[in-house]
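Single-structure report; data block below.
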Amino acid sequence: MNKFFKRRVDVGSDSYASDMQSYFDYIKSIKNYLEPVLIKYFLYDFFHDSTVCNESFNYFDSSFSMTINCVSFTDSHGENSFNVDFNIQFFGVKKFIFENSTNSTLGSTRTFLCSEIGAVIEEDEDGDEYGENQFIIMELMGEDDVYYLSFTFSSLTVQPVEPLTFKMLTEMNLIKPTYPECLSD
């Protein structure tokens, strides 16, 4: 990994449980600098195993957007799974870094594996802390390699592609999140 973004947790390590606790302690200490929507959807990897498509970076307004076909929904009985498409847009993107181990291209099939989030905390002249930028490290599985997208940003939105249909289905309890703890406020 590069010097700016440092992964805190390695799923395969012997210290995974303690690394995760340290990560959650870190998030708790900077929670005031993070947008609630970032925590809601990316702290617990709500989009795990979902298909990523339509990524684009807009240089004119420094935004990065993607659509994720989220597999984290079931019917009200938990018997059938449902996919829901979400549009995700990050604004004020800086330090955008793409990495992989083989220098191969991303390919057409990408799966969201996990993410780590955080904030860039700085001090003003009086020594008061402020955090204008948040960051995310996304781990994606391509056709033949694991890829990392890392960047800072100032804000984000996460919306279902069909918000009215999504609202109706969730309010009528026809679909529910597979991992409801991810979406608790």
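Residue I137 comes nearest to S150 through the heavy atom pair CG2-OG, 3.8 Å, listed as atom of the first residue, atom of the second, then distance. What you find for K167 and T170 is that their closest heavy atoms are O-OG1, 3.1 Å. Minimum interatomic distance between G118 and L34 (heavy atoms only, all atoms of both residues): O-CD2, 3.3 Å. The shortest non-hydrogen separation linking D75 to K176 is O-CE, 3.6 Å. Residues S63 and Q89 come closest through the heavy atom pair OG-NE2, 3.5 Å.
Residues D49 and T111 bring no donor and acceptor atom of their side chains to less than 3.5 Å of each other.
Rounding to the nearest 0.5 angstrom, the gap separating the CD1 atom in I117 from the CD1 atom in I27 is 4.0 Å. Taking CZ from R110 and OH from Y147, the interatomic distance works out to 9.5 Å, rounded to the nearest 0.5 Å. Considering CG of L149 and OG of S115, their distance stands at 11.0 Å, rounded to 0.5 Å.
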I would like to know whether V158 and F47 meet side chain to side chain contact (heavy atoms under 4.5 Å, CB included); could you show each step before the answer?
CA-CA 11 Å; V158 179; F47 297 115; 4.1 Å; yes
Is there a side chain to side chain contact (heavy atoms under 4.5 Å, CB included) between L43 and Y23? Walk through the geometry before answering.
CA-CA 10 Å; L43 179 60; Y23 174 59; 3.7 Å; yes
Could you go through the side chain to side chain contact (heavy atoms under 4.5 Å, CB included) check for F112 and D45 one step at a time?
CA-CA 9 Å; F112 186 96; D45 296 324; 4.2 Å; yes
Side chain to side chain contact (heavy atoms under 4.5 Å, CB included) between M66 and M138: does it pass, once the steps are laid out?
CA-CA 12 Å; M66 63 164 90; M138 288 186 239; 3.3 Å; yes
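With hydrogens and angles ignored, the 3.5 Å screen pairs no side-chain donor or acceptor of Q159 with any backbone N or O of F86. Side-chain atoms of S50 never come within 3.5 Å of backbone atoms of I68 as a donor-acceptor pair (strictly under, hydrogens ignored). Panel note: side chain T152, backbone K94; a donor-acceptor pair is recorded below 3.5 Å.
At least one side-chain heavy atom of I88 sits less than 4.5 Å from a side-chain heavy atom of F42. With contacts defined as side-chain heavy-atom distances shorter than 4.5 Å, the pair I39/K31 qualifies. Within the 4.5 Å cutoff, side-chain heavy atoms of F24 are placed close to those of Y44. At a threshold of 4.5 Å between non-hydrogen side-chain atoms, the residues V146 and E139 count as touching. Put simply, the side chain of T157 reaches to within 4.5 Å of the side chain of F91, judged on heavy atoms. Side-chain contact between E79 and T74 is absent, with no heavy-atom pair separated by less than 4.5 Å. Two residues are said to be in side-chain contact when any heavy atoms from C-beta on lie closer than 4.5 Å; F151 and F64 meet this criterion.
Hydrophobic cluster membership is shared by Y33 and F153, with clusters built from Ile, Leu, Val, Met, Phe, Trp and Tyr side chains linked at under 4.5 angstrom. Using a 4.5 Å cut-off between side-chain heavy atoms of Ile, Leu, Val, Met, Phe, Trp and Tyr, with links allowed through other members, M172 and V84 fall into the same hydrophobic cluster. Under the 4.5 Å side-chain heavy-atom criterion for grouping Ile, Leu, Val, Met, Phe, Trp and Tyr, L156 is connected to Y59 within one hydrophobic cluster. I136 and I30 fall within a single hydrophobic cluster, where Ile, Leu, Val, Met, Phe, Trp and Tyr are joined by side-chain heavy atoms under 4.5 Å apart, directly or via other members. No continuous path of ILVMFWY side-chain contacts below 4.5 Å connects V161 to L174, so the two sit in separate hydrophobic clusters.
Checked against the 6.0 Å centroid threshold, F73 and F46 count as a close aromatic pair. Ring centroids of F57 and F90 are separated by 6.0 Å or more, keeping the two rings apart.
Only one option out of D85, T51, N54 pairs with N69 in a side chain to side chain donor-acceptor pair (under 3.5 Å); it is D85.
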